[in-house]
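First listed ligand is number 1; within each ligand, the first listed atom is number 1.
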Amino acid sequence: MICPHCGSKQHKVIDTREAGDTIRRRRQCRSCGQRFTTYEHVAPSLLVIKRDGRREPFDRQKLLTGIRIAAAKRPISSNTIESIAQHVEDTVLGMGRAEIKSEIIGNLVLDELAHVDQVAYIRFASVYLDFNDLAEIRAEIDRLMGRPVSEKPAPARVLSVQPIP
Ligand SMILES: [Zn+2]
């Protein structure tokens, strides 16, 4: 920042005070000697809106843990898991939103897992898509396998899943 009086970038902090989530700093310009005040606010972090409406800060570690659990004992390297989490995090933060629904994050992970491992996909889907019974799981598996769903159509909650050849 520059001094509002002379435009110099050289200044020193002579006083710092916290007021709630704002930090107020009194500064003195090293060029002209005038004093001015700056305020710092904490940038709000991304909030995840959960299914029940509660909100919690986006947690990279939690995302990683969810993928690890789904991928347990499957032939998926930890590098792949890390890169899925990284890609999803980049996409989510790249949206530039203050809040995001947990389903959107879940769908992004599913989109990636669908290309990597079908078992991990179904495990993850069973948590994120909140299946109610085996019929819903079967419908999702049918969809994943690219076969027509025999009974009621599967909920169209997965953004895009490539059919497995
Ligand atoms: Zn100045």
Would you say His5 reaches the Zn ion (ligand 1) with an N/O/S atom under 2.8 Å?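 No - counting backbone and side chain alike, His5 has no N, O or S atom under 2.8 Å.
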Can you tell me if Cys3 has an N, O or S atom under 2.8 Å away from the Zn ion (ligand 1)?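 Coordinating: yes.
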Search all heavy atoms of Leu113 against all heavy atoms of Ala120 and return the closest pair with its distance.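 That closest heavy-atom pairing would be CD1-O, 3.8 Å.
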Look at Asp52 together with Lys50 and state whether they make a salt bridge at an N to O cut-off of under 4.0 Å.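 Answer for the salt bridge query: no.
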With rounding to the nearest 0.5 angstrom, report the CD to CG distance, Glu89 to Asp59.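 Glu89 CD to Asp59 CG: 9.5 Å, rounded to 0.5 Å.
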Reported CD1-to-CD1 distance for the pair Ile105 and Ile100, which is rounded to 0.5 angstrom: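 Separation between the atoms: 5.0 Å.
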With the Zn ion (ligand 1) at the center, what angle do SG from Cys6 and SG from Cys29 span, rounded to 10 degrees?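 Value returned, to the nearest 10°, is 100°.
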